[in-house]
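The next block holds one structure in the form of structure tokens; read it before the comments.
Computed from a predicted model, the values in this text were never measured in an experiment. Sequence lines set the chain letters: A, B, ... in the order given, protein chains first and strands last, and positions in each chain run from 1.
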There are 2 protein chains.
Amino acid sequence: MARKSGSHSEITGPRIRSVAQSLIARHGFAAVSMRQIAAEVGVRAGTIYLYVADKQALLYELMETHLDTLLAAWEAVPVPEDPTEALHAFTSFHLRFHFERPEEVFIAYMELRNLTPENFAKIEARRRAYEAALEAILARGAASSAFDLPDPRVTTMAIIAMLTGVGTWYRDGGRLSRGEVEAIYWRLVRRMVQGA
Amino acid sequence: MARKSGSHSEITGPRIRSVAQSLIARHGFAAVSMRQIAAEVGVRAGTIYLYVADKQALLYELMETHLDTLLAAWEAVPVPEDPTEALHAFTSFHLRFHFERPEEVFIAYMELRNLTPENFAKIEARRRAYEAALEAILARGAASSAFDLPDPRVTTMAIIAMLTGVGTWYRDGGRLSRGEVEAIYWRLVRRMVQGA
DNA sequence: ATGTTATCTGAACGATCGTTCACATCAAGC
DNA sequence: GCTTGATGTGAACGATCGTTCAGATAACAT
């Protein structure tokens with residue numbers, strides 16, 4: 001009763017993070033114990049500490065990975081010159097990325113207060129960088145009179161809150177497909193910023 | 001060492017709920033202990049059980065009170081006949097109500113998963129009732145061609161998410177006053193629904 | 001002044017928490 | 001086949017958790 005047959009760090013490590021993500025998304029970080037995570041992985045609590053420094057690091061790494069993936073994915077999107085098309089690209093990207101990762105998104109928004117101040121600052125910086133991407137598009141459109149914005153900063157926060165909110169009600173297999181939801185939201189976004 | 005001088009149930013009871021609200025909003029329900037709440041009230045943990053059945057009831061009562069207050073406050077708002085004016089009334093009401101109660105709003109959105117299934121159902125019913133108020137305004141406007149909506153239900157969720165999101169960034173004493181934020185959001189909302 | 005009731009304490013209950021570590025076992029290289 | 005390093009166990013640490021309750025004290029009615 002020590003090392004299990006077939007055990008491998010390349011399997012256990014990722015599984016710990018995957019299981020932790022599901023459990024934290026479902027019950028919240030503070031409500032999930034290391035023993036619960038270990039049990040679902042099929043391992044004892046002590047084993048987790050071979051892969052993660054402590055519980056705080058586990059949460060931070062999940063959020064850091066999510067935001068770095070988000071930023072990298074956006075970097076990979078070709079942004080059209082035309083502000084309206086650029087905004088469309090952002091809207092589609094954001095919705096599709098969030099459709100694919102409901103757990104990560106949930107954690108990234110709900111567990112900020114369970115980060116240490118240092119970790120919180122690092123996550124916040126990444127979130128601001130993402131918001132800045134949208135704000136840049138809006139500012140460019142406003143400068144070229146393609147958009148008519150009441151306030152670029154507030155409009156940025158409004159659009160992101162509106163789009164991210166899709167996670168609170170959208171479920172696969174529901175009344176609307178992802179594509180239909182995308183079309184509806186794009187129409188709403190476009191109207192919010194459209195010039196006179 | 002028993003009853004404290006000046007102790008009174010009309011003081012201690014509300015104070016427990018008030019302190020619990022602040023602590024839960026700041027650190028999350030699961031991360032706040034009954035002893036922490038008691039300490040901030042200036043009392044021992046056992047005292048809380050003279051006023052609340054258990055920790056779950058404490059959370060539920062906070063959320064129930066918040067949503068009942070929200071629904072009652074909206075009931076008291078005179079809703080204009082004109083759909084656009086009605087939507088304006090809803091937007092202003094929602095923003096002002098949420099400006100005044102950042103803690104309650106935060107808890108109502110973040111702690112849903114810490115409710116028992118029965119309590120969750122009761123809170124959800126109230127939230128749906130509130131959403132229905134907005135959806136009714138939108139449907140009325142769509143029927144009279146005052147609004148041109150891609151989808152009443154999705155537009156409802158989009159507007160509420162957008163408006164409620166103000167809590168994530170707005171701080172009193174910041175760049176914009178509450179009135180300015182209200183004006184900006186109203187312009188965004190109006191554009192989202194405006195007819196051709 | 002006395003008795004009654006409302007209010008709170010202090011200690012205790014078993015359970016669970018995050019974390020550590022000596023030890024056991026399996027997989028892999030020689 | 002032996003050795004060595006990677007992997008996981010099992011037990012234990014002190015701390016803290018939600019909750020209960022007999023007893024103590026203050027406020028109030030008489």
Side-chain angles (χ1 to χ4, degrees), chain A residues 1-21 23-24 26-63 107 111 113-119, chain B residues 1-21 23-24 26-63 107 111 113-119:
Chain A
M1 42 201 71
R3 180 170 188 175
K4 306 270 278 290
S5 90
S7 65
H8 230 311
S9 69
E10 289 108 32
I11 295 176
T12 306
R15 259 184 61 78
I16 287 173
R17 284 163 173 81
S18 166
V19 164
Q21 184 170 92
L23 288 176
I24 292 172
R26 208 160 25 243
H27 305 109
F29 176 72
V32 172
S33 72
M34 299 299 261
R35 284 173 179 84
Q36 283 176 49
I37 297 169
E40 189 121 335
V41 172
V43 105
R44 301 291 177 162
T47 305
I48 295 181
Y49 291 86
L50 294 177
Y51 299 93
V52 190
D54 52 25
K55 206 190 177 194
Q56 169 69 207
L58 180 54
L59 175 62
Y60 173 71
E61 286 166 21
L62 288 177
M63 299 180 74
I107 293 174
E111 305 295 353
R113 59 186 164 183
N114 285 310
L115 293 171
T116 61
E118 300 80 19
N119 287 340
Chain B
M1 39 200 71
R3 179 169 191 178
K4 307 271 277 292
S5 91
S7 67
H8 229 310
S9 67
E10 287 109 33
I11 295 176
T12 305
R15 256 183 65 78
I16 286 173
R17 284 162 173 82
S18 166
V19 164
Q21 184 169 93
L23 287 177
I24 292 172
R26 211 166 17 250
H27 305 110
F29 176 72
V32 172
S33 72
M34 298 300 260
R35 284 174 178 82
Q36 283 175 50
I37 297 169
E40 189 121 336
V41 173
V43 105
R44 300 292 175 164
T47 305
I48 295 181
Y49 291 86
L50 294 177
Y51 298 94
V52 190
D54 52 25
K55 206 190 177 193
Q56 169 69 206
L58 180 53
L59 175 62
Y60 174 70
E61 285 166 20
L62 289 177
M63 299 181 73
I107 293 174
E111 305 296 354
R113 59 186 164 183
N114 285 310
L115 292 171
T116 61
E118 300 80 19
N119 287 340

Task: Euclidean distance, B/M63 CE relative to B/I24 CD1, rounded to 0.5 Å - done: 10.0 Å
Task: All side chain to side chain donor-acceptor pair (under 3.5 Å) counterparts of A/H8, not counting sequence neighbours - done: A/E10
Task: Partners meeting side chain to side chain contact (heavy atoms under 4.5 Å, CB included) with B/A57 (sequence neighbours left out) - done: B/V52, B/A53, B/D54, B/E61
Open item on the list: Nearest 0.5 angstrom please: A/I16 CD1 to A/L50 CG, how far?
Closed with: 8.0 Å
TODO: Report yes if the side chains of B/L59 and B/I107 come closer than 4.5 Å at any heavy-atom pair, otherwise no.
DONE: yes
Task: Which residue lies more 5' along DNA chain D, comparing A/E10 with B/A30 via nearest heavy atoms - done: A/E10
TODO: Identify, with sequence neighbours excluded, every residue that meets side chain to side chain donor-acceptor pair (under 3.5 Å) alongside A/S18.
DONE: none
Open item on the list: Applying salt bridge (Lys or Arg N to Asp or Glu O under 4.0 Å), can you list everything that pairs with A/E40, at least two apart in sequence or on another chain?
Closed with: none
TODO: Tell me, please, which residues at least two apart from A/R113 pass salt bridge (Lys or Arg N to Asp or Glu O under 4.0 Å).
DONE: B/E111
Open item on the list: Output the rounded distance in Å from CD1 (A/I48) to C1' (C/dT20).
Closed with: 14 Å
- [ ] Using five pairs at either end of the helix from C/dA1-D/dT30 to C/dC30-D/dG1, determine the angle between the two local helix axes and round it to 10 degrees.
- [x] 10°
Task: Spacing between A/Y49 atom OH and C/dC17 atom P, to the nearest angstrom - done: 11 Å
- [ ] Please list, chain by chain and in numerical order, all residues satisfying side chain to side chain donor-acceptor pair (under 3.5 Å) with A/S9, sequence neighbours excluded.
- [x] none
TODO: Go through the structure and list residues passing side chain to side chain donor-acceptor pair (under 3.5 Å) with B/Y60, not counting sequence neighbours.
DONE: B/E64
TODO: Find the distance between CZ (B/R15) and OG1 (B/T12) and round it off to the nearest 0.5 Å.
DONE: 8.0 Å
Open item on the list: What is the separation between atom CG on B/L59 and atom P on D/dG18, rounded to the nearest whole Å?
Closed with: 13 Å
Task: Presence of A/T47 side-chain N/O under 4.0 Å of D/dT9 phosphate oxygens OP1/OP2 - done: yes
Donor-acceptor pairs under 3.5 angstrom involving side-chain atoms of residues 28-39 of chain B: please list them, not counting sequence neighbours.
{"residue": "B/S33", "atom": "OG", "partner": "B/R35", "partner atom": "N", "Å": "3.4"}
{"residue": "B/S33", "atom": "OG", "partner": "B/Q36", "partner atom": "N", "Å": "3.0"}

Task: Value rounded to 0.5 Å, distance of CD in B/Q56 from CG in B/L115 - done: 5.5 Å
TODO: Scan residues 50-58 of chain B against DNA chain C and write down, sorted by residue number, each residue with any heavy atom closer than 4.0 Å; if none is found, say none.
DONE: B/L50, B/Y51
Task: Distance below 4.0 Å between A/S9 side-chain N/O and D/dA6 OP1 or OP2 - done: no
Anything under 3.5 Å between a protein N or O and an N or O of nucleotides 27-30 of chain C, put it in a table, one pair a line.
{"residue": "C/dA27", "atom": "OP1", "partner": "A/G6", "partner atom": "N", "Å": "2.9"}

TODO: Output the residues of residues 32-44 of chain A in contact with DNA chain D, where contact means a heavy atom of the residue under 4.0 Å from an atom of the strand; sort by number or write none.
DONE: A/R35, A/V43, A/R44
